[in-house]
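This is the structure I have questions about; it appears just below.
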Amino acid sequence: MKFLLALLLLLTLYILFNIASVVWKVRKGIRQFKDAVKEQSEREASAQRRRTTQTTDGVTIIDDRDPKEANKKIFAQDEGEYVDFEES
């Protein structure tokens, strides 16, 4: 009889441990998902702030280019020429 009670106790502990493990993994997954969503929304908000510019005369300029494209240099290093400035 003691053997059956001990076996039942071990089985119960095993089941409880497995349930706790599953709950912990689900909570961890939910936390990672929430963090990823938050990070993505922060990136999108940051990108949106960078693309919209308000000028002093009230004109709003919206840059629809990809941020990687928008940050590229327009001219190569060897292009262009030096011009002497003369004040008139």
Checklist entry - For L11, which of L13, I15, L7 qualifies under side-chain contact (heavy atoms from CB on, under 4.5 Å)? => result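 That would be I15; it is the only one of L13, I15, L7 passing the side-chain contact (heavy atoms from CB on, under 4.5 Å) with L11.
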
Distance (rounded to the nearest 0.5 Å) between I30 CD1 and D35 CG:
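One finds 12.0 Å between CD1 of I30 and CG of D35.
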
Do S21 side-chain atoms and F17 backbone N/O form a donor-acceptor pair below 3.5 Å?
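Answer holds: no.
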
